[in-house]
Amino acid sequence: MPAEDDPHRASLRRWLEAHPAPSARELAESGLVAPHWPAPWGIGADPTHQLIVDDELRRGGVRRPTNTIGIGWAGPTLLFAGTPAQKDRYLFPLLSGEEIWCQLFSEPGAGSDLASLTTRAVPDGDEWVVQGSKIWTSYAHSAQFGILLARTEPDAPVHQGISYFICPMDAPGVTVRPLIDMTGAHTFNEVFLDDVRIPAANLVGTRGQGWSLAKVTLGNERVSLSGAGALWGMGPTASDLVDRVRGSGGTGDPLLRQRLARVWTEGEILRLLRLRTVSAALAGSEPGPEASVRKALADEHGQHVMGLARDLVGARGMLQSTSPVSEHPMGGDGAEGSGWPAALWDYGYLFAPALTIGGGTAEVQRNIIAERTLGLPHDPPV
Ligand SMILES: Cc1cc2nc3c(=O)[nH]c(=O)nc-3n(C[C@H](O)[C@H](O)[C@H](O)COP(=O)(O)OP(=O)(O)OC[C@H]3O[C@@H](n4cnc5c(N)ncnc54)[C@H](O)[C@@H]3O)c2cc1C
């Protein structure tokens, strides 16, 4: 970690003294929510500076606003291709979490093969009229805006006729229907778009060129979804699991010990890969195929961590839903800093199968690695 007298640290401490309990808006406007973004939305921080920001905010007990899709991959795409007016209008409320964003990409007939999407947008005066339906739309029920892919040139080759829009989720004709997943949580939804009128000013980038922007979004999504926590960057890490086992006296089972060593090693490899992605971003490149390598490894790693946690509990793990949290050997007392509460390990175990599906499946990541990194032949057309 950078030294205590690092000038960036000193200036942050002064700011935190002046703002001991900053509002989400103050954090956004100070550039501390996404410090690596350029000014005025970020502070153009290099990795060391980012570490300092993270460290000082943690020390000050300051939490950043949450807006997973907005900050993680909608915002970076607007930064990359948005008009000055779009950046002015959307980026600060997105960073402060005042406006939540969702991603209207997947359709019932277009998931892995996203370019085959059939939602249509037809120009009508100063507006586009959108007709179609989307599925698996995380946070659509709480979002104010969605990044939307729709076909604007139906006769063009599939990858060339798609445009990228900002869709207001309160526009007449938008209907959101909940989907409850097997953890019992309501995170994603079906979204129906019936003659939804979107202003022409909400087109991002050039008409018909939305596929290249979708790739920017998906690259950033893959990076965001492979942070340190085992569940797409959130939740406990392999090290947390190892610490917890150590803290409870270890395990004598040689197979479990081997698996613990393996998940810890995977966690270290992923940490180094994350540093590589940061270096690439600093060199000015958008996330490329290396983001797929990272996501392919991180998703399976998350499943290994959660599967091992459950196996360490043994048969009792099957009874978790009926036993008190405090009796769960993997669970802490739920207090901050003392480990992850048992409920999160349970949730993680049930959520883990989704890791290799959302944000591009394990097979799709391997196709990208094969085609773009290893130069192997493309998938045959279906
Ligand atoms: C938790 C979660 C949150 C999500 N949130 C969102 C969201 O907010 N917005 C959004 O737009 N989408 C979201 N999704 C959807 C996600 O992007 C899709 O589920 C994913 O792209 C896969 O598409 P599909 O479900 O249609 O599966 P399909 O594409 O039908 O795939 C079915 C199976 O076939 C395999 N397969 C498909 N094509 C190939 C191929 N060429 N080679 C080898 N194997 C292949 C796949 O790997 C998979 O195993 C979310 C999904 C999950 C699980």
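All ligand and atom numbering here is 1-based and tracks the order in the structure.
- Hydrophobic cluster membership differs between Val364 and Ile369, with clusters built from Ile, Leu, Val, Met, Phe, Trp and Tyr side chains linked at under 4.5 angstrom.
- Two residues are said to be in side-chain contact when any heavy atoms from C-beta on lie closer than 4.5 Å; Phe92 and Arg25 meet this criterion.
- Among Leu213, Thr119, Leu104, Leu114, the one residue that satisfies the side-chain contact (heavy atoms from CB on, under 4.5 Å) test with Leu149 is Leu114.
- Near Asn367, meaning under 4.0 Å from one of its heavy atoms, ligand 1 places the atoms 40 (C), 41 (N), 42 (N).
- With atom 5 (N) of ligand 1 as the reference point, the heavy atom nearest to it among Ser138, Pro108, Ala362, Ala110 is part of Ser138.
- Here the heavy atom of the protein found nearest to atom 18 (C) of ligand 1 is Ser106 OG, 4.0 Å.
- Any N or O atom pair closer than 3.5 Å counts here, and Phe188 shares no such pair with ligand 1.
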Item to check | Candidate pair Thr356 and Gln303, rule side-chain hydrogen bond (donor to acceptor under 3.5 Å, both in side chains), full reasoning | outcome: CA-CA 9 Å; Thr356 46; Gln303 292 175 346; 3.0 Å; yes

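- Every atom of ligand 1 with a heavy atom of Gly359 under 4.0 Å away is listed here by number and element: 17 (O).
- Below 30°, between 30° and 60°, or above 60°: for Phe105 and Tyr164 the angle between ring planes is above 60°, a perpendicular geometry.
- When only non-hydrogen protein atoms are considered, atom 46 (C) of ligand 1 lies nearest to Thr361 OG1, 3.6 Å.
- Close N/O approach between Thr137 and ligand 1 is not found [any backbone or side-chain N/O within under 3.5 Å].
- Among all non-hydrogen protein atoms, the one lying nearest atom 41 (N) of ligand 1 is Asp379 OD2, 2.6 Å.
- Annotation: the span from Lys134 atom NZ to Glu107 atom CD amounts to 3.5 Å, rounded to 0.5 Å.
- For atom 51 (C) of ligand 1, the candidate residues are Ala354, Gly358, Cys102; the nearest heavy-atom contact is made by Gly358.
- Atom 34 (O) of ligand 1 is never approached by the protein to below 4.0 angstrom, counting heavy atoms only.
- Judged by distance alone, the side chain of His301 and the main-chain N or O of Leu297 form no donor-acceptor pair under 3.5 Å.
- Each of the following atoms of ligand 1 lies closer than 4.0 Å to a heavy atom of Glu363: 43 (C), 44 (N), 46 (C), 47 (O), 49 (O).
- The two residues Asn67 and Trp101 make their nearest non-hydrogen contact at OD1-N, 3.2 Å.
- The contact set between ligand 1 and Ile357, taken as ligand atoms under 4.0 Å from a residue heavy atom, comprises 19 (O), 20 (C).
- There is a protein heavy atom less than 4.0 angstrom from atom 2 (C) of ligand 1.
- At a 4.0 Å cut-off, at least one heavy atom of Trp232 sits close enough to ligand 1 to count as contact.
- The two residues Gln50 and Pro35 come nearest to each other via the heavy atoms CG-CG, 4.4 Å.
- Not one N or O of Asp113 is nearer than 3.5 Å to an N or O of ligand 1, by distance alone.
- Rounded to the nearest 0.5 angstrom, Asn202 CG and Thr83 OG1 are separated by 9.0 Å.
- Remark: atom 39 (C) of ligand 1 lies closer than 4.0 Å to no protein heavy atom.
- With respect to atom 36 (N) of ligand 1, the closest heavy atom belonging to the protein is Ser112 OG, 4.3 Å.
- For atom 10 (C) of ligand 1, the nearest protein heavy atom lies under 4.0 Å away.
- At most 12 non-hydrogen atoms from other residues, nucleotides or ligands lie less than 6.0 angstrom from CZ of Arg257.
- Protein heavy atom closest to atom 14 (N) of ligand 1, with residue, atom name and distance, is Trp136 CB, 3.4 Å.
- Which parts of ligand 1 touch Gln103 is read off a 4.0 Å heavy-atom cut-off, strictly below it: atoms 7 (C), 8 (O), 9 (N), 10 (C), 11 (O).
- For atom 21 (O) of ligand 1, the nearest protein heavy atom lies under 4.0 Å away.
- Ligand-side atoms of ligand 1 in range of Phe105: 11 (O), range being under 4.0 angstrom from any heavy atom.
- Checking Asp181 against Thr183 by side-chain atom types alone, a donor-acceptor pair falls below 3.5 Å.
- The closest donor-acceptor contact from the side chain of Arg259 to the backbone of His304 lies at 3.5 Å or more, if one exists at all.
- With hydrogens left out, the protein atom closest to atom 26 (O) of ligand 1 is Gly111 CA, 3.3 Å, a heavy atom.
- Looking at heavy atoms from C-beta onward, Leu32 lies out of side-chain contact with Glu56 at the 4.5 angstrom threshold.
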